[in-house]
Amino acid sequence: MSLMMYRGKRFWFVALCFCLLIPLLNNSAHAATQPKIGIYLDGKKIETDVPPYIIPKLNVTMVPLSVISKNLGANVNWSQSDKTVTIRHEGRLLSMTIGQNYALVGGQRVDLETSVQAIGGRTMVPLRFVSNQLNLLVTWYQSSQTIMLQSQGGSEENPQENPRENPQNPGSSTDGSLRGAWVSTVYNLDWPSDKSYGKSEQQKQDYIQMLDDLQGMGMNAVFVQVRPSADSFYPSALVPWSKYLQGKQGAEPDYDPLAFMIEETHKRGMEFHAWFNPFRATVDAKTDGLAPNHVAITHPDWIVKSGSKTYINPGIPEARQHIIDTIMEVVNGYAIDGVHLDDYFYPSDGVFADDATYMANNSNGIGNKADWRRDNINQFVKSLGESIHRAKPFVRFGISPFGVWRNQSVDPTGSDTKAGVTTYDNMYADVRTWIKQEWIDYVAPQIYWSLSFKVAQYDKLVDWWANEVRGTNVELLVGHAPYKLGTKEAGWNAAQEIIDQLNYNRNVPEVKGDIFFSAKDLRKNPLGLVPLLQSYYQTARP
């Protein structure tokens, strides 16, 4: 199933509100005390006499039966004598009974997480069950307490329709592709500006303007760095506030930046992917400016200095789990569309002193340190992916590795390149295994070279990565380098280079989208790139 795309027959039923993590009281008796949840169908608000509510612990959304019968054209019957509701539509028959934790679907028993309930004289049905059975699309916006229902487009007459081709969504694409921009927060590169420290309204307006600019170019997704240096852009019980918000690590802003960004992004029909730098601890070796709860202070035994930076040691199982726990804080607490990792695993240069760790944490008896390092990263990726999909199966998990896995000169199955650094040999990231094992949902290699750069040629690398994902359920996104436009490296003397790369991708079916590094570089309109992107995306077709 493609990223940001769901297909199925057109059924006019209501869909599931995804698992929510909202501190609520118990069941129906407390429904009135919960924040009021709004429901919209294809952009129009649905008025209900009894508001939806969420059953705690189960995280099941209950909606009044009238939502189905009055708004979606289903044939609904309620039997007072046996407390059973029956829903009929296009040959489908569902029946549920109060107090009975299973339903009948076409006469077959299907277990329910909770039964039908009666509240204030109204019958409430579990939204999750209805959507799962009838394959419809729903989006939950936690910050605004809103359920957005979308009737799916894939009929037999027009099977190519999909939610991304939504004329009401100015950020939607016409070709079903993801079009994303990386938003770097480290060093205040893209957002927020260091001039906005302590100025929450300016930060908000700056983010809104950035979204407007990106969407105006044709982008429909942002990949925002919410963990730049073992810190956070959200209230965390595990790591300190990032210094790139207030100018000082640990300083708390007067709003939740992550909640704000997600809400503003979703308002525009764009996807929000939370980008985590996994193992970088600090951008320098200084500790005097770190908050007391920064990992370099609380667990100095986990920290390894390499070059000018410090890293969390991937060879320590507890350290890996700590990073997973920090990521899962966001997965469980926010309505993100994806978890995204960059290529910070082991550093690609400098000495990384982990001999003692290798001796102490090699329970599998791996014979050389290079393979042991790759195994550490493999364990981390596998465990993180399982944790994400166990909590929220619909959240996409992807990684953006360095663009060259291995050179052909070292491995005959590698790419026809002469890169001085490779992800397998220098970052100890065995991306091929992640793909073959399907531990990730997509891979987004940073193919930051031109079509004429012979050392690492763009088209050769796209073909190589396409071959890697072919036959798997892992999708390929391509990372592009608009920041190189105007530089002296071969091929970057005209903005048409980016368009030529996009045109090349259109002929490679495995490529499902593109991500640009980074937002600020797109917004600079290097060599006149923006109007070219606008024109390209207005006319792009599969």
Side-chain angles (χ1 to χ4, degrees), residues 227 230 275-281 302 304 306 311-328 331 338-348 352-391 393 395-407 410-411 413-415 421-446 464-465 467-477:
R227 174 191 166 87
W275 165 17
F276 298 83
N277 184 292
F279 290 96
R280 182 170 61 201
W302 291 359
V304 177
S306 180
Y311 293 79
I312 299 172
N313 191 341
I316 299 175
E318 295 80 7
R320 296 196 299 267
Q321 186 59 48
H322 165 77
I323 297 170
I324 292 172
D325 291 343
T326 64
I327 294 172
M328 292 307 298
V331 173
V339 168
H340 182 81
L341 303 186
D342 54 31
D343 57 349
Y344 267 79
F345 298 104
Y346 283 91
S348 60
F352 195 85
D354 60 351
D355 286 347
T357 309
Y358 174 46
M359 297 296 293
N361 295 280
N362 188 13
S363 59
N364 292 329
I366 296 173
N368 68 77
K369 193 163 68 171
D371 287 341
W372 170 79
R373 285 178 173 178
R374 280 184 282 270
D375 184 64
N376 292 331
I377 302 302
N378 283 350
Q379 290 185 56
F380 171 76
V381 170
K382 181 176 185 291
S383 181
L384 175 57
E386 289 172 347
S387 297
I388 293 168
H389 292 140
R390 185 164 52 244
V395 170
R396 305 286 289 181
F397 173 39
I399 297 178
S400 179
F402 183 73
V404 177
W405 179 71
R406 298 192 92 185
N407 294 314
V410 176
D411 186 328
T413 67
S415 54
V421 171
T422 64
T423 186
Y424 182 91
D425 295 296
N426 298 93
M427 287 106 169
Y428 302 93
D430 186 7
V431 187
R432 172 174 284 173
T433 293
W434 310 343
I435 293 170
K436 299 307 179 187
Q437 296 297 324
E438 298 183 351
W439 293 338
I440 55 179
D441 296 309
Y442 68 87
V443 62
Q446 301 166 29
W464 187 89
W465 285 102
N467 184 65
E468 288 298 298
V469 303
R470 191 171 296 127
T472 74
N473 289 316
V474 178
E475 294 178 350
L476 175 61
L477 306 178

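Bear in mind that the values here come from a model prediction, so they are computed numbers and not experimental data. Computed over heavy atoms, backbone and side chain alike; hydrogens, waters and symmetry mates excluded. The chain is numbered in sequence order, starting from 1.
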task = Determine, stepwise, if the pair W464 / V404 fulfils side chain to side chain contact (heavy atoms under 4.5 Å, CB included).
result = CA-CA 9 Å; W464 187 89; V404 177; over 6 Å; no
query = Is a side-chain N or O of W465 found less than 3.5 angstrom from the main chain of L477, in a donor-acceptor match?
reply = no
inquiry  = Check whether E468 reaches the backbone of R432 with its side chain - one donor and one acceptor, N or O, closer than 3.5 Å.
reply    = no
inquiry  = For a quick test of reading the model, state the closest non-hydrogen atom pair linking P401 to V443 and the distance between them.
reply    = CD-CG2, 3.7 Å
ask   = With a 4.5 Å limit on heavy-atom distance, are the side chains of W372 and T357 in contact?
value = yes
request  = Provide the closest heavy-atom pair for D430 versus R374 in the form atom of the first, atom of the second, distance.
outcome  = CB-CD, 4.3 Å
query = Among pairs that include at least one residue of residues 434-444, which meet salt bridge (charged side-chain N to carboxylate O under 4.0 Å, His left out), considering only residues two or more places apart or in two chains?
reply = none
query = So, for D343 and F402, which heavy atoms are closest and what is the spacing to 0.1 Å?
reply = CB-N, 3.9 Å
note = In short, M328 meets S387 closest at the heavy-atom pair CE-O, 3.3 Å
inquiry  = Any heavy-atom pair between the side chains of L476 and P445 that's under 4.5 Å?
reply    = yes
message = Regarding Y346 and N376, do their side chains bring together a donor and an acceptor under 3.5 Å, going by distance alone?
response = yes
ask   = Given Y442 and H340, is the side chain to side chain contact (heavy atoms under 4.5 Å, CB included) satisfied, shown in steps?
value = CA-CA 10 Å; Y442 68 87; H340 182 81; 2.8 Å; yes
key: Summary of salt bridge (charged side-chain N to carboxylate O under 4.0 Å, His left out) pairs that have at least one residue in residues 312-328, sequence neighbours excluded   = none
request  = Would you please test F345 and T423 for side chain to side chain contact (heavy atoms under 4.5 Å, CB included) and show each step?
outcome  = CA-CA 9 Å; F345 298 104; T423 186; 5.8 Å; no
ask   = Measuring from F276:CZ to I399:CD1, what's the distance to the nearest 0.5 Å?
value = 12.5 Å
remark   = Tightest non-hydrogen contact, residues N361 and G315, listed as CB-O, 3.4 Å
message = Quick one, N313 and F352 - any side-chain contact, counting heavy atoms below 4.5 Å?
response = yes
query = Does any N or O in the side chain of D375 come within less than 3.5 Å of the main-chain N or O of D371, such that one atom is a donor and the other an acceptor?
reply = no
query = Would you say N407's side chain and V410's backbone share a donor-acceptor pair under 3.5 angstrom?
reply = no
query = Atom CD1 of I316 and atom NE2 of H322: how far apart are they, to the nearest 0.5 Å?
reply = 12.0 Å
ask   = What pairs with D354 under salt bridge (charged side-chain N to carboxylate O under 4.0 Å, His left out), at least two apart in sequence or on another chain?
value = K369, R373
task = Indicate whether any N or O donor in one side chain lies under 3.5 Å from an N or O acceptor in the other, for N378 and T433.
result = no
remark   = To the nearest 0.5 Å, atom CZ of F380 lies from atom CH2 of W434 at 9.0 Å
message = If you compare all heavy atoms of P278 against all heavy atoms of I312, which two are closest, and at what distance to 0.1 Å?
response = O-CD1, 4.4 Å
task = Start with the C-alpha gap between I323 and I327, add the side-chain angles, then the distance that decides, and say whether side chain to side chain contact (heavy atoms under 4.5 Å, CB included) holds.
result = CA-CA 6 Å; I323 297 170; I327 294 172; 4.1 Å; yes
Qualifying residue, where the test is side chain to side chain donor-acceptor pair (under 3.5 Å) with E386 and the options are R390, K382, H389 = K382
